[in-house]
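Heavy-atom basis, side chains included; hydrogens, waters and symmetry copies ignored.
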Amino acid sequence: MIYLYRQFIGLCLVGLLAIDASAQNQPSVQIMLAGFDHLNQLYNQQPQSDVYSPKKQAEINQLNTCFQAYAPDMIMVEVDPIEQPRIDSLFALYSAGKLTLDDLPYGRSETYQIGFALAKRLKHKRVYCVDHYEATSQSLLTDGTNIDVYQRALQQLQGLARPLKKQVQQDSLSVYEYIRRLNQPEMIALTHRLFYNLPALVVNGEFSKTATNTLDVSKIDKRYIGAEFISLFYNRNLKIYSNALISQRQYQGKKLLLLFGQTHVGVLQELVKANPDYKLVSPLTYCR
């Protein structure tokens, strides 16, 4: 009888230890990646395309309300950390009611329309700059064997995205619904495949001499021109990921919200999923 009792106690202890270990292995930090078609780029000089219009302000307010339900304690934006003092100064003025977003040259951007507005609602002391600024245009890759594969996929994406953007500019699709659609898994997978997978098929080519690019490409291996193209995009996102992790560790945030261009989301999702210390949260959980 005593032997059976000891066995029972032993099994209970093993079970409790297993539960405790499982709890300890649970990621303690949540990360929400919200992808945008930059809101400042919606404006085409027509009143209905302007995010400052009453209708679009109501739609952006709807977005902020769903992000508020997630209750992030750190809001991270697509601004290089070198700009943190400037952003801190602007946010302090905005929080104190001494500055409005339309006072800012880029006030239509999601950095301000979402980042600043939501941080003020939540009484945060700052928004966090975690971008790594490098500019590489999708039109940099224009030449090489199998270039037609990449170009067809690019046209497919443009054929989906441009009509949606036009609907938003014409007020027939809300900003809220537009951002929801951009964050659907299928749309994220489509852009991710275009920039981080398909270009690997393109070989023996040249980069465009006129496309926007801030990186030195004088030493690239032209035999693998498509892979080199992918590496330009991937390198930037690795540094964004690094900035986000360092900032989280420094300020001990538990619920992060990252506001970035939608093409960044797929690769950042992969990086977060591979890190057991972080749990990925979809914006669609809150923006329904």
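With sequence neighbours excluded, no residue forms a salt bridge (charged side-chain N to carboxylate O under 4.0 Å, His left out) with Glu228.
A donor-acceptor distance shorter than 3.5 angstrom exists from the side chain of Gln84 to the backbone of Cys129, with no hydrogens or angles considered. Ser242 contributes no side-chain N or O that, together with a main-chain N or O of Leu238, makes up a donor-acceptor pair within less than 3.5 Å. Here the side chain of Gln57 pairs a donor or acceptor atom with the backbone of Val51 at under 3.5 angstrom.
Classification of Asp50 and Arg108 as a salt-bridged pair holds, one side-chain N sitting under 4.0 Å from a carboxylate O. Ion pairing of Lys239 with Asp131 is absent here, as no side-chain N (NZ or NE/NH1/NH2) approaches a carboxylate O to less than 4.0 Å. Comment: Arg193 does not engage Glu186 in a salt bridge, judged by the lack of any side-chain N to carboxylate O separation of less than 4.0 angstrom. A salt bridge links Arg126 to Asp88: at least one charged side-chain nitrogen sits closer than 4.0 Å to a carboxylate oxygen. Salt-bridge formation is not detected for the pair Glu270/Lys273: no Lys NZ or Arg NE/NH1/NH2 atom is positioned less than 4.0 Å from an Asp or Glu carboxylate oxygen.
Within a 6.0 Å radius of CZ in Arg121, other residues, nucleotides and ligands contribute more than 12 heavy atoms. Open room surrounds NZ on Lys279; 12 or fewer heavy atoms of other groups in view lie less than 6.0 Å from it. Other residues, nucleotides and ligands contribute only 12 or fewer heavy atoms inside 6.0 Å of the NZ atom of Lys222. The local environment of CG in Leu160 is crowded, with over 12 non-hydrogen atoms from other residues, nucleotides or ligands closer than 6.0 Å. In this structure, Lys166 places its NZ atom where only 12 or fewer heavy-atom neighbours from other residues, nucleotides or ligands lie under 6.0 Å away.
Distance check, rounded to the nearest 0.5 Å: OG of Ser49 to CG of Asn44 gives 3.5 Å. Note that the CG atom of Leu256 and the CE atom of Met76 stand 4.0 Å from one another [nearest 0.5 Å]. Summarising the geometry, atom CG belonging to Leu104 is positioned 9.5 Å from atom CD belonging to Gln113; distances are rounded to the nearest 0.5 Å. Taking CG from Asn197 and CG from Leu201, the interatomic distance works out to 8.0 Å, rounded to the nearest 0.5 Å. With values rounded to the nearest 0.5 angstrom, Leu140 atom CG is found 10.0 Å from Lys209 atom NZ. We find the CG-CZ distance between Leu33 and Phe260 to be 9.0 Å, quoted to the nearest 0.5 Å.
Between Tyr196 and Tyr234, the ring planes lie perpendicular to each other; the angle is over 60°, past the 30° to 60° tilted range. Between Phe207 and Phe229, the two ring planes are tilted [angle within 30° to 60°]. Relative orientation of the Phe233 and Phe195 rings is tilted, given thresholds of 30° and 60° on the angle between their planes. Classification of the Tyr94-Phe116 ring pair by plane angle, with boundaries at 30° and 60°, yields tilted.
Inspection of the Tyr251 and Asp73 side chains reveals no N or O donor paired with an N or O acceptor under 3.5 Å. Between the side chains of Gln248 and Tyr278, at least one donor N or O lies within less than 3.5 Å of an accepting N or O.
Both Leu63 and Val281 are part of a single hydrophobic cluster, where members link through side-chain heavy atoms under 4.5 Å apart. Linking ILVMFWY residues whenever their side-chain heavy atoms come closer than 4.5 Å, directly or via other members, leaves Tyr133 and Val130 in distinct clusters. Put simply, Val77 and Ile82 are part of two different groups of oily side chains (I, L, V, M, F, W, Y) that touch within less than 4.5 Å, one to the next.
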For the pair Leu259 and Glu78, evaluate side chain to side chain contact (heavy atoms under 4.5 Å, CB included) and give the outcome as yes or no after the intermediate values. CA-CA 7 Å; Leu259 308 173; Glu78 194 172 340; over 6 Å; no
Working for side chain to side chain contact (heavy atoms under 4.5 Å, CB included), residues Thr111 and Val127: CA-CA 9 Å; Thr111 292; Val127 296; 5.6 Å; no
What do the steps show when you test Leu257 against Leu118 for side chain to side chain contact (heavy atoms under 4.5 Å, CB included), and what is the final call? CA-CA 11 Å; Leu257 171 62; Leu118 183 58; 3.7 Å; yes
Given side chain to side chain contact (heavy atoms under 4.5 Å, CB included), test His38 with Ser109 step by step and report yes or no. CA-CA 6 Å; His38 298 304; Ser109 161; 5.7 Å; no
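Each of Thr191, Asn183, Asp37 was scored for a side chain to side chain donor-acceptor pair (under 3.5 Å) with Gln262, with one residue passing: Thr191.
Residues Tyr286 and Phe67 keep their aromatic ring centres 6.0 Å or farther apart.
The minimum heavy-atom distance between Ser53 and Pro47, with the atom names listed, is CB-O, 4.0 Å. Nearest heavy atoms, Tyr128 versus Ser247: CD2-OG, 3.6 Å. The minimum heavy-atom distance linking Ala153 with Leu198 is given by the pair CB-CD1, 3.3 Å. What you find for Ala119 and Ile75 is that their closest heavy atoms are N-CD1, 3.6 Å. Minimum heavy-atom separation, Lys165 to Leu42: CG-CD2, 3.9 Å. In terms of heavy atoms, Gln30 sits closest to Tyr70 at O-OH, 3.3 Å.
Side-chain contact between Asp143 and Ile225 is absent, with no heavy atoms from C-beta onward closer than 4.5 Å.
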